[in-house]
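To start, the structure under review is shown below, and the notes come after it.
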Amino acid sequence: MTSDTQQPQRILFFIALVAVIGIGVWLRLPSDLFKPESPLHRIGYLHLNPGFPGIGFDEGLYHEYVNGLSKVGLSGYPDIVERYIALQKKLPASILPPVRFLYIFTAYLWRSVFGTEALTALRHVAAFFSILTLALSTVFAWRLKGASGALGVAALMAFAPTQIHMSQHALVDGFFAFWALLCLWLLWENLKAPKRIGWLIGYILGLSLLILTKENSFFVFAALVAILVCNRWFKFGTVTRELLFATIAGALLGVVALVFLAGGLANLVTTYQLSVSKNYQLPYAIATGDGPWYRYLVDLLLVSPVILILAIGAYFRLDRAQRPELFLSLFIVASYLFMCNIKYGMNLRYANMWDMPLRVLAFSTIVDLAGYWKKYSRWILSIAVISLCVVELHQYIVLFVRYPLYELVSEGLLRALHILKAR
């Protein structure tokens, strides 16, 4: 291919990439930006506002924690934790703990800088980090699969229903997905470029911030350790002593920071013990958070059926030469094994961190299928990705715009899709 034909193709590629990311950003803008008093109100009809306009129970708690931090400051954070412990001991069921520090603290900083109300700050942080996840997914996919892979995965992520949903509510799970994906990417880079100090420092910081975000960081950490162990057979890269040290140091740094924020190790342990034990008595968790090991597969099939089918199809053709796909597959499988065994602790919100890996696998399957028609493979690939984006956007509209779905539990998904109907 001559340089005369390459240049227009590069221009078209970057136009397409900018357009895809631009649409993804637009879909993730928080709905309060389009209120009547906002300058964007006149074009608000172009935005897909969520059908659920209320404030969820967890959102209310995050709101209180941000307000509490604004009053006492960072040095008073142990007091917030101790008040939680005193309250949780009296309550019959679990409420979310304030040791999900990073999301609360980021919203506190957002509020301090922009002067917004606490709940607005929480929602804006969720939207902003959903946008960052889209950008990170594009970069990660480029490193894994090249420029065409980056464009395809960016398009699929831009229209991912649960990604858009998490951007519209003051919930931690989309925020957590960014840090989980960042750690996964940094592990890949460290395996490919061993002993590079920049990647190692980034990996340590990423892990420590992940620990500070949510207790689900245990599942991510376990999956990363599984990748390091399995590298002996799959040869993703080079596992060095420095990388092993960074993995342990990053996790320990996050735990030590949590100990100080909680006001001591005893407070931290008590917080987690109360949160876990009281969760077994929470009526909502009992009603919606249990099920067989394939519960997540069922819920994913309801939200993104074609993506899941294509991603599963990728598993049947994996070989040792497909290291990016093997790397992401191992992350999904290892974290899934832990997450599907948590009694009363399953919710599709927690699977937000699988969205990008699943879409890489799905895109890889599409590329393989398009390859059977080599002469038209590029056209077939483009049409397939665009069609899949339309399906994904339609799923978001059905689930979250027309039907006011808020919690991502099986019953709500079934009702939104009219599989279950009101009597």
Side-chain angles (χ1 to χ4, degrees), residues 96-97 99-103 106 126 129-130 132-133 136-137 139-141 144 157 160 162-163 166 171-191 199-231 234 236-237 239 243-258 268 272 275-276 296 300 324 326-342 345-361 408:
L96 65 89
V99 288
R100 298 178 179 183
F101 168 75
L102 191 61
Y103 180 51
T106 306
F129 273 82
S130 182
L132 289 182
T133 300
L136 176 60
S137 299
V139 174
F140 192 5
L144 290 171
M157 280 294 289
T162 52
Q163 288 288 316
M166 286 297 102
L171 295 168
V172 73
D173 303 281
F175 181 85
F176 177 81
F178 169 81
W179 296 106
L181 189 61
L182 179 68
C183 290
L184 185 63
W185 171 51
L186 290 171
L187 177 60
W188 172 265
E189 297 294 352
N190 275 289
L191 288 169
W199 290 124
L200 285 169
I201 292 174
Y203 182 55
I204 291 171
L205 291 176
L207 277 173
S208 62
L209 293 172
L210 177 74
I211 299 294
L212 287 169
T213 301
K214 196 183 179 187
E215 57 276 12
N216 290 35
S217 56
F218 170 77
F219 307 132
V220 178
F221 182 76
L224 298 180
V225 171
I227 291 172
L228 290 171
V229 172
C230 293
N231 184 73
F234 295 120
F236 301 124
V239 177
L243 181 55
L244 294 175
F245 171 80
T247 302
I248 296 170
L252 284 177
L253 183 60
V255 171
V256 169
L258 276 179
L268 183 63
Y272 282 129
S275 177
V276 172
Y296 282 113
L300 285 167
L326 281 169
F327 180 82
L328 297 176
S329 297
L330 186 56
F331 173 75
I332 295 172
V333 170
S335 55
Y336 192 109
L337 288 175
F338 286 97
M339 290 170 60
C340 73
N341 284 292
I342 304 299
M346 286 192 279
N347 189 305
L348 193 58
R349 285 196 282 119
Y350 311 150
N352 214 241
M353 64 182 183
W354 296 334
D355 281 342
M356 183 269 182
L358 285 173
R359 279 155 182 79
V360 172
L361 294 171
L408 301 181

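- The backbone N or O of I227 lies less than 3.5 Å from no partner atom in the side chain of N231, so there is not a single donor-acceptor pair.
- Ring-plane geometry between F236 and F327 is classed as perpendicular, the angle between the planes exceeding 60 degrees on a 0 to 90 degree scale with a lower cut at 30.
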(message) Run the side chain to side chain contact (heavy atoms under 4.5 Å, CB included) test on L243 and Y203 for me, step by step, so that the C-alpha distance in whole Å, both residues' side-chain angles and the decisive distance to 0.1 Å come before the verdict.
(response) CA-CA 9 Å; L243 181 55; Y203 182 55; 3.6 Å; yes
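- Closest of all the heavy-atom pairs between L330 and A226 is CD2-O, 4.0 Å.
- In plain terms, the two heavy atoms of Y103 and L171 that are nearest each other are OH-N, 3.3 Å.
- Using modelled atom types and a 3.5 Å distance limit, the side chains of S335 and W354 yield a donor-acceptor pair.
- Minimum heavy-atom separation, G254 to L212: O-CD2, 3.9 Å.
- Between atom CD1 of residue I332 and atom OH of residue Y296 there is a gap of 13.5 Å, rounded to the nearest 0.5 Å.
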(message) One pair to check against side chain to side chain contact (heavy atoms under 4.5 Å, CB included): L187 and F331. What are the steps and the verdict?
(response) CA-CA 11 Å; L187 177 60; F331 173 75; over 6 Å; no
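- Taking the side chain as every heavy atom from C-beta outward, R359 and Q163 never approach each other to under 4.5 Å.
- When all heavy atoms of G174 and T133 are compared, the closest pair comes out as O-OG1, 4.2 Å.
- Side-chain contact between L102 and F176 is absent, with no heavy-atom pair separated by less than 4.5 Å.
- Side chains of L328 and L144 form a contact here, defined as non-hydrogen atoms less than 4.5 Å apart.
- Annotation: the span from M339 atom CE to N347 atom CG amounts to 9.5 Å, rounded to 0.5 Å.
- L253 is linked by a side-chain contact (heavy atoms from CB on, under 4.5 Å) to I204, S208, counting only residues two or more places apart in sequence or in another chain.
- Between the OG1 atom in T162 and the CZ atom in R349 there is a gap of 12.0 Å [rounded to 0.5 Å].
- Of all the heavy atoms in A141 and M356, the pair that sits closest is N-CE, 3.8 Å.
- Between F338 and A222, the shortest heavy-atom distance links the atoms CE1-CB, 3.5 Å.
- A distance of 6.5 Å separates CG of L224 from CG of L184, quoted to the nearest 0.5 Å.
- Here the side chains of L300 and L358 are in contact, with some heavy-atom distance below 4.5 Å.
- Under the 30°/60° scheme for interplanar angles, the aromatic rings of W185 and F140 are found to be tilted.
- In this structure, the separation between CH2 on W179 and CG on L207 is 11.5 Å, given to the nearest 0.5 Å.
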(message) Determine whether F219 and I342 satisfy the following criterion, side chain to side chain contact (heavy atoms under 4.5 Å, CB included), listing intermediate values before the conclusion.
(response) CA-CA 11 Å; F219 307 132; I342 304 299; 3.8 Å; yes
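- In this structure, CG in L136 is found 4.5 Å from CG in L181, a value given to the nearest 0.5 Å.
- Under a 3.5 Å cut-off, the side chain of S130 and the backbone N or O of A126 do not form any donor-acceptor pair.
- Contact of the L210 side chain with the F221 side chain is not registered, since no non-hydrogen atoms from C-beta on lie closer than 4.5 Å.
- Residues passing the side-chain contact (heavy atoms from CB on, under 4.5 Å) test with L244, sequence neighbours excluded: L228, V239.
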